[in-house]
Amino acid sequence: MKKDKKNKPSKDLPLGFVDRQEKELLVRDFIISNIKEVMIKYGFQYLETPSFEYSDSIGKFLPDKDRPDEGVFSFKDENKWLSLRYDLTAPLARYVAKNYLEIPKPFKRYQLGTVWRNEKPGPGRFREFLQFDADFVGTKSLQADAELCVMISEILEKCGLLKSEYIIKISSRQITEELFKKINLENNDQRLITLRALDKIDRLGWTGVKQLLGKGRKDQSGDFTKGANLSLNNIEIIEKELNKKLPATEDLKEILKIFNDYNFLNFKFDPSIIRGLEYYTGPIFEVNLTGEIKNGKGQVIQFGSIGGGGRYDNLVNNFGNYEAPATGISIGLDRLVYALMQKKDFKIKQSRPVVICVFEKNSMKDYIKLLTTIRDAGISAEIYPGENKLKKQMEYANKINAPAVILYGEDEIKSGKPTLRDLSTGKEKSIAIQEIVNEIKKII
RNA sequence: GCAGCAGUAGCUCAGUUGGUUAGAGCACUAGUUUGUGGAACUAGGGGUCGGUGGUUCGAAUCCACCCUGCUGUACCA
């Protein structure tokens with residue numbers, strides 16, 4: 001036995017992959033059903049694309065020059081490279097380019113799907129996770145961008161979040177573009193470092209960000225991050241510009257007006273939102289939870305946003321000659337699940353079966369008859385799946401959190417009166433079969 | 001990727017300046033109770049002390065490297 005141990009397959013999971021148990025899955029299902037409801041209400045259509053795409057389709061055509069073909073899981077199939085998708089937006093762009101002539105313009109679709117990222121996992125971040133995306137393709141109207149925010153907030157509230165527990169931050173790429181012009185920043189490396197630094201205001205504050213805009217910053221662990229090397233003067237201009245409370249760009253002014261028409265208030269203008277590097281072209285938004293998120297040990301962790309999105313007017317065009325300005329939003333379901341499960345008042349119902357204990361194997365017919373009666377009433381029930389002493393059967397029922405057990409032995413079968421035991425109180429009652437469904441309903 | 005911390009039973013951890021056969025609680029198994037779970041008591045199973053190599057008469061303990069995890073940081077389409 002022990003000798004074999006070395007050759008046994010590993011029970012460990014690959015880095016960043018996790019098993020998910022019922023409790024979590026039920027919360028996820030609950031969120032998904034809310035999403036679907038809202039999506040239908042807002043007039044989006046459902047789409048599914050495959051997990052794999054040609055690597056070209058999801059990598060090469062992205063206008064993000066800073067990113068080489070890394071971070072994806074790939075393999076070579078018949079001389080062509082395939083990759084697991086890393087988001088749902090690139091496949092959407094590919095889908096639209098492929099079906100452009102048939103689809104309605106604009107095209108509104110939503111999609112739920114697993115995506116994979118070959119990178120270091122963090123708290124609440126895995127290498128395989130479920131994403132939800134909703135996009136408008138083929139419209140420049142900012143009505144679309146605004147409606148995405150309204151819609152996402154409806155979903156969150158349907159899931160049980162209060163207005164005070166989340167906020168949608170909005171900004172626009174135009175702001176940083178104008179800022180760069182103002183300080184005459186043309187060097188692409190410096191621009192990238194600046195954008196990344198600005199993205200961290202909420203975490204590091206202006207003190208940290210200013211270090212990153214200048215020479216660099218040392219973090220808690222002593223690790224050093226190189227800065228953008230901007231002049232003090234320019235850093236001050238940036239701080240001043242970005243501290244303006246009101247959005248100055250045309251696109252944001254219009255979105256604010258639309259928000260107002262919708263009577264949508266739960267947003268905040270935040271010019272520090274960057275989201276990705278060269279992907280977005282206009283308004284951008286981010287969905288943030290306002291409360292503290294704790295890990296298993298009770299430590300508060302940096303959770304980041306649970307999703308976001310924005311306008312990407314050039315993505316579809318990369319696949320061909322179709323002009324398809326687009327805007328979309330995506331939510332990481334796992335993070336939302338994680339956050340919801342931490343809410344004290346959030347409970348999801350796990351329905352457990354009533355367990356019928358078996359005494360007389362020869363009377364299986366009677367057991368099944370009783371079982372069927374209960375199940376036909378829409379109540380979850382099972383005959384104890386095994387052959388064990390009553391004690392074992394009770395322990396099993398207790399372990400699975402069954403609401404009740406039914407004891408149905410020789411005498412009970414004869415008299416037609418099973419014994420019903422409420423497992424939370426321990427009280428037992430002898431009940432006629434015709435009455436058993438009603439009695440169970442009182443317990444569950 | 002970089003940095004800090006950690007890795008002892010299924011889980012949470014103890015293990016003194018290196019020293020016989022590595023411990024506890026919870027969980028598990030069996031019994032006290034042959035038709036009764038959640039409590040108690042009794043007994044039991046379970047560990048190449050993350051891995052490899054080194055120092056030593058002797059390593060869970062010291063050293064090196066690797067792996068894994070946590071936290072921060074970087075990247076994040």
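All values below were derived from every heavy atom in this structure, side-chain atoms included, with hydrogens, water molecules and symmetry-related copies excluded. Here is the naming used below: chain letters follow the sequence lines, and residue numbers restart at 1 for every chain. Source: prediction; values computed, not measured.
No N or O donor and acceptor, one from the side chain of A:Asn398 and one from the base of B:G38, sit under 3.5 Å apart.
Comparing the same atom, P, in B:U55 and in B:A64 gives a spacing of 15 Å after rounding to whole Å. Going from the C1' atom of B:G58 to that of B:G54 covers 15 Å, rounded to whole Å. Comparing the same atom, C1', in B:A60 and in B:G7 gives a spacing of 11 Å after rounding to whole Å. As rounded to the nearest Å, B:G38 and B:U34 have P atoms that lie 15 Å from one another. Going from the C1' atom of B:G50 to that of B:A9 covers 14 Å, rounded to whole Å. B:A59 and B:U21 have their P atoms separated by 11 Å, given to the nearest Å. Going from the P atom of B:G46 to that of B:A3 covers 42 Å, rounded to whole Å. Going from the C1' atom of B:G15 to that of B:G31 covers 32 Å, rounded to whole Å.
Rounded to whole angstrom, the span from the CG atom of A:Asp135 across to the C1' atom of B:A77 amounts to 13 Å. Remark: P of B:A77 and OH of A:Tyr280 are 7 Å apart, rounded to the nearest angstrom. Nucleotide B:C76 holds its C1' atom 10 Å from the NZ atom of A:Lys200, rounded to whole Å. Between the CZ atom of A:Phe319 and the P atom of B:A77 there is a distance of 17 Å, given to the nearest Å. The distance from atom CD of A:Gln131 to atom C1' of B:A77 is 10 Å, rounded to the nearest whole Å. Residue A:Leu88 contributes atom CG, which lies 19 Å from atom P of B:C76 at whole-angstrom precision. Rounded to a whole Å, the NZ atom of A:Lys226 is 16 Å from the C1' atom of B:U73. At whole-Å resolution of the value, NZ in A:Lys218 and P in B:A74 are 15 Å apart.
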- Contact state string [nucleotides 26-36 of chain B, B base, S sugar-phosphate only, - no protein heavy atom under 4.0 Å]: --S-SSB--BB
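In this structure, the side-chain hydrogen bond (donor to acceptor under 3.5 Å, both in side chains) partners of A:Arg109, at least two apart in sequence or on a different chain, are A:Gln111, A:Asp135. Listed by chain and number, the residues in a side-chain hydrogen bond (donor to acceptor under 3.5 Å, both in side chains) with A:Gln393 amount to none (sequence neighbours excluded). Partners of A:Glu239 by side-chain hydrogen bond (donor to acceptor under 3.5 Å, both in side chains), not counting sequence neighbours, listed by chain and number: A:Lys210. Every side-chain hydrogen bond (donor to acceptor under 3.5 Å, both in side chains) that A:Asp133 has, sequence neighbours left out, goes to A:Thr89. Shown here are the side chain to side chain contact (heavy atoms under 4.5 Å, CB included) partners of A:Lys218, two or more places apart in sequence or in another chain: A:Phe224.
When Watson-Crick and G-U wobble pairs are counted only if both distances are under 3.5 Å, B:C70 pairs with B:G4. Here B:G19 sits opposite B:C57 as a Watson-Crick or G-U wobble pair (both hydrogen-bonding atom distances under 3.5 Å). In a base pair of the Watson-Crick type (N1 to N3 plus N6-O4 or O6-N4) or a G-U wobble (N1-O2 and O6-N3), with each distance short of 3.5 Å, B:G25 is matched with B:C11. Using Watson-Crick or G-U wobble geometry with both donor-acceptor distances under 3.5 Å, B:C65 finds its partner in B:G51. Remark: B:A40 base-pairs with B:U32; criterion is Watson-Crick or G-U wobble with both hydrogen-bond distances under 3.5 Å.
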What nitrogen or oxygen pairs link the protein and nucleotides 2-4 of chain B at under 3.5 Å?
from	atom 1	to	atom 2	distance (Å)
B:C2	O2'	A:Asp223	OD1	2.9
B:C2	O2	A:Asp223	OD2	2.6
B:A3	O2'	A:Ser221	O	2.5
B:A3	N3	A:Ser221	OG	3.4

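Sequence order on RNA chain B of the closest nucleotides to A:Arg217 and A:Leu423 puts A:Leu423 first from the 5' end. In this structure, A:Thr225 and A:Ser424 both approach RNA chain B, and ranking their closest nucleotides by distance from the 5' end singles out A:Ser424.
Taken to the nearest 0.5 Å, the CG atom of A:Leu130 stands 9.5 Å off from the CD1 atom of A:Ile31.
The stretch residues 413-444 of chain A participates, sequence neighbours left out, in no ring pair (Phe, Tyr, Trp, His ring centres under 6.0 Å) pair at all. Residue pairs meeting the ring pair (Phe, Tyr, Trp, His ring centres under 6.0 Å) criterion with at least one member in residues 396-423 of chain A, sequence neighbours excluded: A:Tyr367-A:Tyr408, A:Tyr384-A:Tyr396.
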- Message: Run A:Arg191 and A:Glu177 through salt bridge (Lys or Arg N to Asp or Glu O under 4.0 Å) and show every step you take.
- Response: CA-CA 10 Å; A:Arg191 279 190 173 207; A:Glu177 274 309 306; 3.8 Å; yes
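At the phosphate of B:G72, neither OP1 nor OP2 sits under 4.0 Å from any side-chain N or O atom of A:Arg203. An OP1 or OP2 oxygen of B:C75 is reached within less than 4.0 angstrom by a side-chain nitrogen or oxygen of A:Arg196.
In this structure, A:Lys80 forms a cation-pi arrangement with A:Tyr54, its terminal cationic atom sitting closer than 6.0 Å to the ring centre and no more than 45° off the ring axis. A cation-pi arrangement, defined by a distance under 6.0 Å to the six-membered ring centre and an angle within 45 degrees of its axis, is absent between A:Arg127 and A:Phe73. With a 6.0 Å cutoff to the six-membered ring centre and a 45° limit on the axis angle, A:Lys36 does not count as a cation-pi contact of A:Tyr110.
Aromatic stacking of A:Tyr396 on B:G37: not satisfied for centres closer than 5.5 Å together with planes under 30 degrees.
Using a 4.0 Å heavy-atom cutoff across all strands shown, A:Thr89 reaches no nucleic acid atom at all.
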